[in-house]
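So you know, we letter chains A, B, ... as the sequences are listed, proteins then strands, and number each from 1.
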Number of protein chains: 2
Amino acid sequence: MDNRQQLLDSALALFSQRGYDAVGVREIVEAVGVTKPTLYHYFDSKRGLLDALLQRESGHLLTEVLQAAVYHGDLVLTLENIVRAYFRIAQKASAYYRMQLTMYFSPPESEGNQAIRPFTTQQREILEDVFIRAAEDHGNLRGRHSRYAAGLLGVVNATIGLYFNDALALNEEIVYQVVHQFMYGIFS
Amino acid sequence: MDNRQQLLDSALALFSQRGYDAVGVREIVEAVGVTKPTLYHYFDSKRGLLDALLQRESGHLLTEVLQAAVYHGDLVLTLENIVRAYFRIAQKASAYYRMQLTMYFSPPESEGNQAIRPFTTQQREILEDVFIRAAEDHGNLRGRHSRYAAGLLGVVNATIGLYFNDALALNEEIVYQVVHQFMYGIFS
DNA sequence: ATGATAATATACCGATCGGTATATTTTGTC
DNA sequence: GACAAAATATACCGATCGGTATATTATCAT
């Protein structure tokens, strides 16, 4: 079963560097030092390999975000925990996060986008739930949970983008600033 | 010269729907009803076609954003103008904006990302300049222009993403809400 | 030790990839 | 109308694509 994991690792590295479409199965197997039938022994197809990869990798992200996204009345605290979780994953599993980001913004009819959609949907729903629950305490949030979830994820991903381009370090200060601006605006 | 424009149109439609890598030149020329040598008469290569396409399309976006990004002391007003400009383009040139978004988040070593980078860099710089000039009036903004520019673009693109998924209409109200939250936070 | 099964390799498939050599047609100029 | 140049087509190139038929080697339970 070791080759199976190595194939997933190889696919992750290559997909995140150059993209799903631009990487051939030949390259994936050569990086591991095996041949194509080995890959097709473990996976039905290139797409099946991608699905298995997303399954394996998104698990970590989901558990971390789910742990962080418990709301007990303090929205700022909850959002800080969520942003911290995202930053942690972007650092710890940077190859995967890069790839997820790429596939999320891939064209709707591309294989990459279709493969990632269920996982990103799940992640968005977790965030939306936080804002829905928070709206029970803060009525003026009501009905805007989609926009808030998308907006927070937008700044989080933009910030992670800066980190990926070495323009930023993802430290506690940035967590505070991102959440604080989201909650209280730019001047605070 | 009509075929040249039609080829660019065809490439734009296909690239934005399924992605640069997944679309072959064969498909592009067939959609126009010509043959490959016609394409290679006007462009050096598939990559050259992409470059010409980005050149043609990004012009419109840049002029609109540049017009909107004049700062005369009222940051809220300027940001509203910028956001309005982005929303207008996302609606008027949706295929191109989809494609630009895709390529911006494509892997750094992919052709798509390398081709789009100069244009998105230009756009980011316009936004950064606004925050730099605004910092002359509001000292507490100083030194954070990169993060602010990235953050605003992040929420703008996240909002446009909702629009692309039919979860939102890009009207005046959303312009106001996006800028207002950016400036004053979530509770306002 | 044997027999079944899982894991891997060799060598190939047809299709498509980006790109082009060559020939023909269209266009505009004198 | 002749001629050059631009525009387009036919027919092809080698390389790579995702995928597989078949054979061989490891693994492991009996």
Side-chain angles (χ1 to χ4, degrees), chain A residues 1-56 99 102-103 106-107 109-116, chain B residues 1-56 99 102-103 106-117:
Chain A
M1 276 291 163
D2 189 46
N3 277 341
R4 194 189 129 96
Q5 299 300 326
Q6 278 184 256
L7 285 167
L8 290 174
D9 293 342
S10 169
L12 173 57
L14 290 166
F15 289 163
S16 84
Q17 261 174 47
R18 306 217 317 283
Y20 174 77
D21 289 312
V23 173
V25 294
R26 176 187 130 266
E27 210 173 341
I28 297 171
V29 299
E30 275 178 6
V32 177
V34 298
T35 56
K36 282 201 277 179
T38 301
L39 189 153
Y40 285 95
H41 173 72
Y42 293 109
F43 312 101
D44 306 337
S45 59
K46 189 188 179 189
R47 170 62 191 272
L49 165 69
L50 175 61
D51 288 334
L53 176 60
L54 297 183
Q55 199 74 46
R56 189 186 77 170
M99 190 182 71
T102 292
M103 290 181 173
S106 286
E109 294 182 28
S110 68
E111 282 197 51
N113 184 264
Q114 284 171 18
I116 204 79
Chain B
M1 276 292 162
D2 189 46
N3 277 341
R4 193 189 129 98
Q5 299 300 325
Q6 278 186 255
L7 285 167
L8 290 175
D9 293 343
S10 170
L12 173 57
L14 290 166
F15 289 163
S16 84
Q17 260 174 46
R18 304 217 319 282
Y20 175 77
D21 289 311
V23 173
V25 293
R26 177 187 128 268
E27 211 173 339
I28 296 171
V29 299
E30 275 178 6
V32 177
V34 298
T35 57
K36 283 200 277 178
T38 300
L39 189 152
Y40 284 96
H41 173 72
Y42 293 110
F43 312 100
D44 307 337
S45 58
K46 187 188 179 189
R47 171 62 192 273
L49 166 69
L50 175 61
D51 289 333
L53 175 60
L54 297 183
Q55 200 73 45
R56 189 186 77 170
M99 191 182 71
T102 292
M103 289 180 173
S106 287
E109 295 182 28
S110 69
E111 281 196 51
N113 185 263
Q114 284 171 18
I116 203 80
R117 213 172 296 158

Per A:K46 side chain, nearest of listed nucleotides C:dG19, D:dG18, C:dT16
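Side chain of A:K46 sits closest to D:dG18.
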Are [X] and [N] close enough that a side-chain N or O sits under 4.0 Å from OP1 or OP2?
X	N	answer
B:N3	D:dT8	yes
B:Y40	C:dG19	yes
B:T38	D:dT8	no

Would the distance check show the side chain of [X] and the main-chain N or O of [Y] forming a donor-acceptor pair, the cut-off being under 3.5 Å?
X	Y	value
A:S106	A:T102	yes
B:S16	B:M99	no
B:R4	B:H41	no

Under-4.0 Å salt bridge between B:R56 and B:D9
yes
Looking at the base of D:dG18, is there any donor atom on it, or on the side chain of A:K36, that sits under 3.5 Å from an acceptor on the other one?
yes
D:dT8 C1' sits how many Å from B:F43 CZ, rounded?
15 Å
Using whole Å, report how far NE2 of B:H41 lies from P of C:dT27.
13 Å
Over all strands shown, is B:V32 touching base, sugar-phosphate only, or nothing at heavy-atom distances under 4.0 angstrom?
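No contact.
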Report which part of the nucleic acid A:V23 touches: base, sugar-phosphate, or nothing (heavy-atom distance under 4.0 Å, all strands).
sugar-phosphate
